[in-house]
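Hydrogens, waters and symmetry mates play no part in the numbers below; they use all other heavy atoms, side chains included. Here, residue 1 is the first one in the sequence, and each next residue gets the next number.
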Amino acid sequence: MVDQIRVPTFVVGGEHDIFQRGEPLIYERLKQHVPTRLLIGPWTHTDGSSGAGLPEGGVPSLDSIALRWFDHYLKGCRPTPTRSRR
């Protein structure tokens, strides 16, 4: 089924998710044929979908990260910096 996906895909998973092996496997297959991004955070299964704890320490919210990524791939917008560089 993963090989049938033909749209840019943003995959989110958690380090402490009991199913955490799935996201990297899906990512590895998807990146062969569609623009794909994988974000793994310090989350459990239920916290990953909300990006619990973000924004924090200069890292933007999960919604903000995903929106920028989809704006780039689906709308053709140029990516904007997520934080200042020092």
State plainly whether one hydrophobic cluster holds both Val2 and Val34, where clusters connect Ile, Leu, Val, Met, Phe, Trp and Tyr through side-chain heavy atoms under 4.5 angstrom apart.
yes

When you compare the side chain of His72 with that of Cys77, does any pair of heavy atoms fall below 4.5 Å?
no

Do any pairs count as a ring-ring contact (aromatic ring centres under 6.0 Å, His included) and have a residue in residues 34-71, sequence neighbours left out, and if so which ones?
Phe10-Trp69, Phe19-His45, Trp69-Tyr73

Under 3.5 Å, side chain of Thr46 to main-chain N/O of Thr44, donor-acceptor pair present?
no

What closest approach, in Å, do Leu38 and Pro24 show between heavy atoms, and which atom pair accounts for it?
CD2-CA, 4.1 Å

Within one Ile-Leu-Val-Met-Phe-Trp-Tyr cluster: Leu39 and Tyr27, side-chain cutoff 4.5 Å:
no

Testing the basics here: between Pro55 and Ser61, what is the closest heavy-atom pair and its distance to 0.1 Å?
CB-N, 3.7 Å

Nearest heavy-atom approach of Asp3 to Arg29 is OD2-NH2, 2.6 Å

Nearest 0.5 Å, please: how far is CD in Gln4 from NE2 in His33?
9.0 Å

Can you tell me how far CD1 of Ile26 sits from CE of Met1, rounded to the nearest 0.5 angstrom?
11.0 Å

Distance check, rounded to the nearest 0.5 Å: Arg37 atom CZ versus Thr9 atom OG1?
12.0 Å

Distance-minimising heavy-atom pair for Pro60 and Arg68:
CG-NH2, 3.2 Å

Does any N or O in the side chain of Ser64 come within less than 3.5 Å of the main-chain N or O of Leu62, such that one atom is a donor and the other an acceptor?
no

Within the distance-only criterion (no hydrogens, no angle test), does the side chain of Arg21 pair as donor or acceptor with the backbone N or O of Ile18 below 3.5 angstrom?
no

Please give me the minimum heavy-atom distance between Ile40 and Glu15, naming the atom from each residue.
CG2-CG, 3.6 Å

Nearest 0.5 Å, what's the CD1-CG distance between Ile5 and Leu30?
5.0 Å

